[in-house]
Amino acid sequence: MSEQAEAASSYDVHAVEAKWLPVWEQIDAFRADDAAVVSGKREKRYALTMFPYPSGDLHMGHAEVFALHDVISRYWRFRGYEVMNPMGWDSFGLPAENAAIRNDTHPATYTYANIETQLESMKRYGLAFDWSRRLHTSDPEYYHWTQWLFLKLREQGLAYRKNSPVNWCPQDQTVLANEQVLADGTCERCGAEVTKKELTQWYFKTTHYAQELYDCLDELQETWIGKVVNAQRNWIGRSEGAHVVFEVEGHGPVSVFTTRPDTLFGATFFVVAADAKLAAEICAPEQREAFDAYLEDVRKASDIDRLSTERPKTGVFLGRYAVNPVTGERIPVWAADYVLADYGTGAIMAVPGQDQRDWDFAKAFDLPIVRTVQPSEDFDGEAYTGAGPAINSANDEISLNGMHVEEAKSTVIAWLESKGLGNGTVNFRLRDWLLSRQRYWGAPIPIIHCPDCGEVPVPEDQLPVELPELRGADLKPKGTSPLGAATDWVTVDCPSCGGPAQRDTDTMDTFVDSSWYFFRFLSPHDSARAFDPAMAEAWGPVDFYLGGDEHAVLHLLYSRFFTKALRDMGLISWDEPFSAYLSQGKVINNGRKMSKSLGNGVNLGDQLKEFGVDSVRLTLVFASPPEDNIDWADMSPAGSLRFLQRAWRLSGDVTSAAGVDPGAGDVALRKVTHRVVADAEQLVESYRFNVMVAKVMELVNATRKAIDSGCGPEDPAVREAAETVAILLSMVAPYTAEEMWERLGHQPSVAQASWPTVDPALLVQDTVTAVVQVQGKVKARLEVAPDITDDDLEAAALADADVVRAIDGREVRRVVVRAPKLVNVVV
RNA sequence: GCCCCGGUAUCCCAACCGGUAGAGGAAGCGGUCUCAAACACCGUCCAGUGUGGGUUCGAAUCCCACCCGGGGCACCA
């Protein structure tokens, strides 16, 4: 093929990218206008995608999120909303610190170099971000306000310090939040086995909002992806039950939490967590030796062992008896490790008849078992946890016998309350958020420890507390914070008494930084406050948030906590930060997660080089519903490129002039165009971007046909269709769309074009295919008017020769008519 | 063990309230173009919806049980 012919049938993707990038930069079409929103000139939409950590260049995962995110942000712009679409970097964190140790540099070197690399890549990727709002959490201008927020939370009693056994990662040499320890007891960052360590650390009081964090999930259920709501529910772990007070002889009253107060009559022994202080306190002198030996065994067992649910029960008698408040019976008190010290009160009433764990323990130590729920007849198990009438559950004042579980629960709770022996209550699995970290590259905790005054907050006018200059070997993990080595920095005068004092040497968990960044984007350059409440009021909450599943509980829960705390401080008026949340799937390869060890990594840069930005974006958006994983091995970026070339070719075939009235154009094609636009609106709004792309493909096919064998290239409907393709396509493939737009005789940018107005008249079909079934099986198809009446359709159906043959003279018992689409004849 | 989500052609995926199982793509096959090929274009093949029951005039869609895959929680009382 000659070069000329080639030029007419395809375009050079890289040349097109190089051509438009500077033009877009100049047009700067995606700047969010505060005034337009504040004045009410335009309705706001806040689109947010989780900002990246700057580790090297962007990868396939980033490419997917950004491609998906761009669809909705560009769509909203087209629909006339004023769109807030910011981007920045979550730039504090361990990888930079580890790189600094390795290369004997400062973490900032690694961090800011990577940010520049990623920024370049994002720009090349053609994303509609408002770059004027760019922020980095590691800038003093940002962490100034992270520190300020910490102090505000502390003022509210939502940040406090306590001594407690904490999760310790021996690899990263720092403590971890519960959320950062995986279900198998390993560190979510590095995979090392997490151990316990007793330390005094800072906490955010997330439990203060446990109930609200849980309750609000009901509303979020509608607009958040289901699995994340489910994960948060499980994580918060609300359970209803009761506190019941048992008198422990020789010790005093001890309260337990139970979800089954109805089984109280079956409580035949009492168990205290061996590692709880309570156990040591209760222990009788003659059992002390046995208890201490047992406790030592328990401490030696790792978390991994403890996590095994198939372990035989162990424990030791504490030499004391508790009194069952409903039976008055003396029941033995044991210490065991199957009871957790930090859940509920660290003690339980053991009801072996209705709880398998208690059953196992009772069998192991030959303790009595009483059933208090009548098992169903076919039951042949051990503990019976099912429903049934209560039995063996009466004393002189109260009888639960015959009652079903729920009724028995409320009856016994009422009785306990009247006696002052307990009360109905709710317990949560959620724990407070441990935020101290013994690492360098994070926001310093703005507290000064004074021997006389205690914890003293750094005065607000002295914020930010900037990090001291440490680099290379200074940063090596040694179990205490590297900041401690910066003696000049640590030693300060107490702001309260002026005496010698020391700075807190820990830094904050980087999840603190990201818990409020969506507020900072709204007034990113405000040097006087964390964010402008007026802007938060105007733009918040976030209307659409896209991110990864790995943050289902961590970041999303913390951000929700921050939002509620800020609301209670009067800084914002809404309850939840993210009105809608979607998490995208992963990009995998050949059925496996991409990894170096498997050697199946797909390099984004290589893909972009081979197929171009638009093809890669299109492939990722078209592959599947956003939340599903994409197996790159099943994808065809080459096919995407082929499609883009096909679409582009349309723009060169149009011969009518720009601005021609499409009204006189070919009605058949116009109907397709308008149908596609109407469908695209609905599909984007329900995040079914892959189907939206399929609709655009349909339109391209229809337009091609119209040009080659239909109304011809000069028909105004062809121009209308091609322009529509350009606009719709620009949400996914901005370069191709821009190129089309220009060839169609328009000024850049297609991003500033107006969304096609759907003509409802063109959505109406001339005829509809009505299906005639006999006994539910299709026997005939009739072309009928869309507004045909039930009676007319029934008459037409029964008159059809094929239908008459199918009925075969049998008696028609019933005719179901759903005009205009269906008739079902029942014989 | 408990809780979510999914299972549709060879593959990735569509199918509004229950109403013609197929929109789109990939691969395959056949053709046009070509000296030939690649590209491109045109055409075409392909499933009764994980399994078993139920409800219904009618089920991929609703209900029950089970199987498989993914995710969350898990000795949480």
Side-chain angles (χ1 to χ4, degrees), chain A residues 1 5-6 9-10 183 225-237 239 241 256-260 263 271 273 306-311 313 336-340 342-351 354-358 360-361 385 427-430 549 552-553 583 585-586 618-619 622-625 627-631 633-640 642-643 645-646 649 676 679 682-683 686 688 690-701 704-705 708-709 769-778 780-781 813-818 821-827:
Chain A
M1 187 184 276
E6 197 172 336
S9 66
S10 69
I225 186 164
K227 59 177 162 181
V228 170
V229 174
N230 183 250
Q232 294 220 358
R233 272 214 184 92
N234 288 336
W235 186 260
I236 297 169
S239 44
V256 300
F257 173 73
T258 176
T259 56
R260 292 295 301 275
T263 65
V271 189
R306 275 195 76 151
L307 284 163
S308 162
T309 52
E310 297 300 310
R311 232 155 37 102
K313 294 282 180 287
D337 68 352
Y338 83 95
V339 173
L340 305 175
D342 59 353
Y343 184 77
T345 63
I348 62 155
M349 61 181 219
V351 186
Q354 273 77 229
D355 184 290
Q356 189 60 41
R357 296 157 300 181
D358 297 341
D360 294 339
F361 194 84
T385 54
N427 201 46
F428 294 94
R429 206 199 70 100
L430 182 73
D549 282 336
V553 284
S583 51
K586 292 181 183 60
L618 178 71
T619 303
F622 180 54
S624 68
E627 63 273 23
D628 288 4
N629 286 346
I630 295 171
D631 193 332
D634 294 335
M635 295 303 132
S636 172
S640 297
R642 208 179 304 147
F643 164 72
Q645 300 282 8
R646 264 165 66 78
R649 224 170 289 130
V676 165
D679 286 349
Q682 197 211 324
L683 290 163
S686 52
R688 288 182 292 163
N690 56 325
V691 188
M692 185 274 286
V693 170
K695 293 289 170 193
V696 180
M697 290 173 167
E698 210 179 320
L699 179 56
V700 168
N701 293 343
R704 182 79 262 157
K705 218 164 236 162
D708 291 347
S709 55
T769 306
V771 172
V772 186
Q773 301 175 330
V774 176
Q775 299 295 71
K777 298 241 177 346
V778 179
R781 286 158 216 268
R813 300 215 320 259
R814 191 175 157 192
V815 181
V816 180
V817 186
R818 294 283 178 275
K821 294 183 73 175
L822 181 121
V823 178
N824 189 13
V825 181
V826 187
V827 293

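Within every chain, numbering begins at 1; the chains are lettered A, B, ... in the order of the sequence lines, protein sequences first and strands thereafter. For clarity, every value in this text was computed on a predicted model and none was experimentally measured.
- Put simply, A:T259 has no side-chain N or O that comes within less than 4.0 Å of OP1 or OP2 on B:C76.
- Take A:F643 and apply the ring pair (Phe, Tyr, Trp, His ring centres under 6.0 Å) test, not counting sequence neighbours, and it matches no residue.
- When the C1' atom is compared between B:G18 and B:G1, the two are found 35 Å apart, to the nearest whole Å.
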What is the per-nucleotide protein-contact pattern of nucleotides 27-34 of chain B, from the 5' end, where B denotes a base atom under 4.0 Å from a protein heavy atom, S denotes such proximity for sugar-phosphate atoms only, and - denotes neither? S-------

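- With a glycosidic angle further than 90° from 0, B:C64 counts as anti.
- Applying the 90° criterion around 0 to the glycosidic angle, B:G48 comes out syn.
- Out of B:G25, B:A77, B:C41, the shortest distance to the side chain of A:R649 is found at B:C41.
- Between B:G30 and B:C67, the two C1' atoms lie 41 Å apart (nearest whole Å).
- Under the salt bridge (charged side-chain N to carboxylate O under 4.0 Å, His left out) criterion, A:D342 pairs with A:R431, not counting sequence neighbours.
- For the C1' atoms, the distance from B:G48 to B:A14 is 16 Å, rounded to whole Å.
- The pair A:K227-A:D549 meets the salt-bridge criterion, with a side-chain N (NZ, NE, NH1 or NH2) lying under 4.0 Å from an Asp/Glu carboxylate O.
- Using the Watson-Crick or G-U wobble rule with both distances under 3.5 Å, B:A26 pairs with B:U10.
- Checking the phosphate oxygens (OP1, OP2) of B:C41, a side-chain nitrogen or oxygen of A:R646 falls inside 4.0 Å.
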Under 3.5 Å, which protein N or O atoms sit close to an N or O of nucleotides 57-64 of chain B? Give each pair with its distance.
from, atom 1, to, atom 2, distance (Å)
B:C57, OP1, A:R814, NH1, 3.0
B:C57, O2', A:N824, ND2, 3.2
B:C57, O2, A:N824, ND2, 2.4

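- Taking A:D358 as the reference, nothing meets the salt bridge (charged side-chain N to carboxylate O under 4.0 Å, His left out) condition, with sequence neighbours excluded.
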Are there any protein N/O atoms within less than 3.5 Å of an N/O atom in nucleotides 13-18 of chain B, and if so, which ones and at what distance?
from, atom 1, to, atom 2, distance (Å)
B:C13, O3', A:N690, ND2, 3.3
B:A14, OP1, A:N690, ND2, 3.3
B:A15, OP1, A:R688, NH1, 2.5
B:C16, N4, A:K821, NZ, 3.2

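- A:R814 and A:N824 are not linked by any side-chain donor-acceptor pair at a separation below 3.5 angstrom, with hydrogens and angles left out of the test.
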